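Everything numeric here is computed off the predicted structure, so don't read it as measured data. Side chains included, hydrogens not; waters and symmetry mates left out as well; all remaining heavy atoms used.
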Amino acid sequence: MTLHRCRPLSDNRFTLDRRRFLCGAGAALVATATARPASLRAAEAAAPAVAEPSGLSVPIRALTRPPGFHWFAYYDKLQFDPTNRYCLAMKVGFEHRSPRPDDVIELGMIDLADGDRWIALGESRAWCWQQGCMLQWIPGSATEVIYNDREGDRFVSRILDVRTGKRRTIPHPIYALSPDGATAVACDFSRLAALRPGYGYVGVSDPWADVPAPKESGIHRVDLVGGKAELIISFADLAAIPFEGEPFGDAPHWFNHLLVAPDGKRFVFLNRWRSGKSWRTRMVTARLDGGDLRIVNPWGMTSHFIWRDAEHILAWAAHPKHGTGFFLFRDRPDGFVEHIGKGVMTADGHCTYLPGNRWILCDTYPTGRERLQEVYLYNIAENRKVTLGRFPSPAEYAGEWRCDTHPRLSRDGRWVTIDSPHRHGRQVHLLDISAIITG
């Protein structure tokens, strides 16, 4: 592992004015002149040249650039350290194909105070295009990150201190962390790879691949201090709860999109199963010990979601009386509360509440001939959308290896990072939204 020590900060805060924000982009371009391997040059040459973003309403700068392709992946992980100076990302030398067991990605962090310098942290052999290796800062720590990896025929997670280089291994992968950083929940990544390509990991076979709902696998709770993992919810547990009164028969089940509530007492996840050529979904919550299961949205379709607070979940979902949209659910059986963004937030996207819950950050999938992905803020009280930018996504970025923008917030809510392939292939970009949220 290659590790560069991070210089200690003079205090625990870091700010960046707009001139320095934009200058950082210029300084970073100097790095593109560095020599790079022939394999990366070929991959970069194959990256399609597309139009610049449209509708930009905020300053933007590229945080990463060739050699290689960079991304962070999902929108509900801590990408920024507590000072907002260091920003995590992953790096790979190819695009437009599925990962193979021998494909290795590099992990690093970007120093926003030093010309967006890339600081290599390590590597992983357990990753996917949509959610990476679950690289994220551990809540409550200023120096520790966690990520998934593979050792032989098992998936593990690594906890790394980015200042000292000290690393320890947890003998189980993780998905989502509790707010105190002491506990994680995790799904079955081998099963996920087979049933939902782009979200699981290759390299470890699923011993229950032929079983529709095995009782031996499902969601594990992982003790990040002691390293112990225990199965708390099995696929059989959910298959025993009928959908619309009908048994599931031989429909294969999987779990995805786990997220712990802000108070650390419960977590939410999606229970999915095959239904013909498509799948159906239930949004479910439970205690961290797996008890008190609640089918919060039982109506067959839930997509992206976020906890608003310890009692409410915002989700793109379907409802038999209210159609499809972003709905606020209370954490209880059939917990529908209200339609959010009616007539304004009209498409599925990756949603996040800004601090204070006055604004929602969200995006869209590619639309129109130019395949533009819109990133926007939504003002809840005013039912008003502010477009931050529309980012072209070439047709090659589709299916399993698409590049969703997955907009993510800095800890103070003043910056947004996105993954976008509109220039030099898949790269990480930074948007300054401070003027909007403080205006």
Side-chain angles (χ1 to χ4, degrees), residues 73-77 128-132 134 173-177 184-201 206 212-214 217-221 231-244 248 251-261 266-276 278-288 290 292-308 312-319 324-336 348-352 362 365 400 404 406:
Y74 232 49
Y75 65 103
D76 56 4
K77 314 297 180 196
C128 57
W129 286 114
Q130 296 308 305
Q131 299 182 319
M134 299 297 170
I174 58 92
Y175 193 110
L177 307 185
V185 287
C187 59
D188 185 329
F189 287 101
S190 296
R191 189 176 186 87
L192 195 54
L195 295 175
R196 186 69 170 104
Y199 291 83
Y201 304 148
D206 177 9
S217 183
I219 294 175
H220 283 76
R221 181 178 62 183
L231 181 67
I232 57 172
I233 300 173
S234 73
F235 294 109
D237 291 334
L238 267 297
I241 305 174
F243 175 69
E244 296 183 343
F248 289 101
H253 285 250
W254 70 96
F255 298 145
N256 200 1
H257 301 310
L258 289 61
L259 189 61
V260 181
R266 299 180 62 81
F267 70 101
V268 60
F269 64 97
L270 299 184
N271 167 213
R272 285 178 166 163
W273 63 95
R274 290 288 177 190
S275 178
S278 61
W279 66 74
R280 307 299 296 274
T281 305
R282 296 186 292 195
M283 183 167 66
V284 186
T285 65
R287 295 195 309 258
L288 280 187
D292 191 15
L293 282 172
R294 303 173 185 174
I295 310 296
V296 176
N297 178 17
W299 307 114
M301 196 284 279
T302 304
S303 184
H304 304 102
F305 57 78
I306 199 74
W307 288 94
R308 188 190 73 176
H312 297 87
I313 304 164
L314 176 70
W316 179 264
H319 190 280
T324 303
F326 275 105
F327 300 132
L328 192 65
F329 292 88
R330 187 172 290 113
D331 181 14
R332 67 184 187 189
D334 187 9
F336 174 82
D348 189 9
H350 307 90
C351 52
T352 300
C362 200
Y365 287 106
E400 178 186 340
D404 300 341
H406 289 151

Between F327 and N297, is any pair of side-chain heavy atoms under 4.5 Å apart? no
Go through the structure and list residues passing ring pair (Phe, Tyr, Trp, His ring centres under 6.0 Å) with F326, not counting sequence neighbours. W316
Taking the side chain as everything from C-beta on, heavy atoms only, tell me whether M283 gets closer than 4.5 Å to L270. yes
When rounded to the nearest 0.5 Å, the distance separating CG of L288 from CD1 of I232 is 7.0 Å
Grab the two heavy atoms, one from P214 and one from S234, that are nearest each other, plus how far apart they are. O-CB, 4.0 Å
E400 and Y199, any side-chain heavy atoms less than 4.5 Å apart: no
Backbone N or O of A184 within a donor-acceptor pair of the Y175 side chain at under 3.5 Å? no
If the condition is salt bridge (charged side-chain N to carboxylate O under 4.0 Å, His left out), which residues does R221 pass it with, not counting sequence neighbours? E230
From CG (L258) to CE (M134), nearest 0.5 Å: 8.5 Å
F267 and I219: CA distance, side-chain angles, deciding distance, side chain to side chain contact (heavy atoms under 4.5 Å, CB included) verdict: CA-CA 11 Å; F267 70 101; I219 294 175; 3.9 Å; yes
Interatomic spacing from CG in L259 to CD1 in I313 - rounded to 0.5 Å: 8.5 Å
Just jot down the ring pair (Phe, Tyr, Trp, His ring centres under 6.0 Å) partners of Y75, sequence neighbours excluded, or say none. H350
If you compare all heavy atoms of A186 against all heavy atoms of P173, which two are closest, and at what distance to 0.1 Å? CB-O, 3.3 Å
Please identify each residue that fulfils salt bridge (charged side-chain N to carboxylate O under 4.0 Å, His left out) with D404, with sequence neighbours left out. R402
Distance from D334 atom CG to H319 atom NE2, nearest 0.5 Å? 5.5 Å
Measure across C187 and L192 and return the closest heavy-atom pair with its distance rounded to 0.1 Å. SG-CD2, 3.9 Å
Mind listing the closest non-hydrogen atom pair of F329 and V296 along with its distance? CB-CG1, 3.6 Å
Does the side chain of D292 come within less than 4.5 Å of R266's, by heavy atoms? yes
The criterion is salt bridge (charged side-chain N to carboxylate O under 4.0 Å, His left out); which residues satisfy it with R274, sequence neighbours excluded? none
Do H220 and L231 come close enough that some side-chain heavy atom pair is under 4.5 Å? yes
Shortest non-hydrogen contact from R272 toward T302: NH2-O, 3.1 Å
Answer whether the closest heavy-atom distance between the side chains of H406 and Q131 falls below 4.5 Å. no
Classify the ring geometry of Y365 against H304: parallel below 30°, tilted from 30° to 60°, perpendicular beyond 60°. tilted
First locate atom CG of L314, then atom OG1 of T352, and finally report the distance between them rounded to the nearest 0.5 Å. 9.5 Å
On a heavy-atom basis, the closest approach of R282 and I295 is CD-CG2, 4.1 Å
Under 6.0 Å between ring centres: does that hold for W273 and F243? yes
Check: H253 main-chain N/O paired with R191 side-chain donor or acceptor under 3.5 Å: yes
Going from CD1 on I233 to CZ on F269, what distance comes out if it is rounded to the nearest 0.5 angstrom? 4.0 Å
For R196, enumerate each residue passing the salt bridge (charged side-chain N to carboxylate O under 4.0 Å, His left out) test, keeping only those at least two apart in sequence or located in another chain. none
Heavy-atom side-chain proximity of F255 to L238 below 4.5 angstrom: yes
Can you tell if the side chain of V260 reaches within under 4.5 Å of the side chain of W307, non-hydrogen atoms only? no
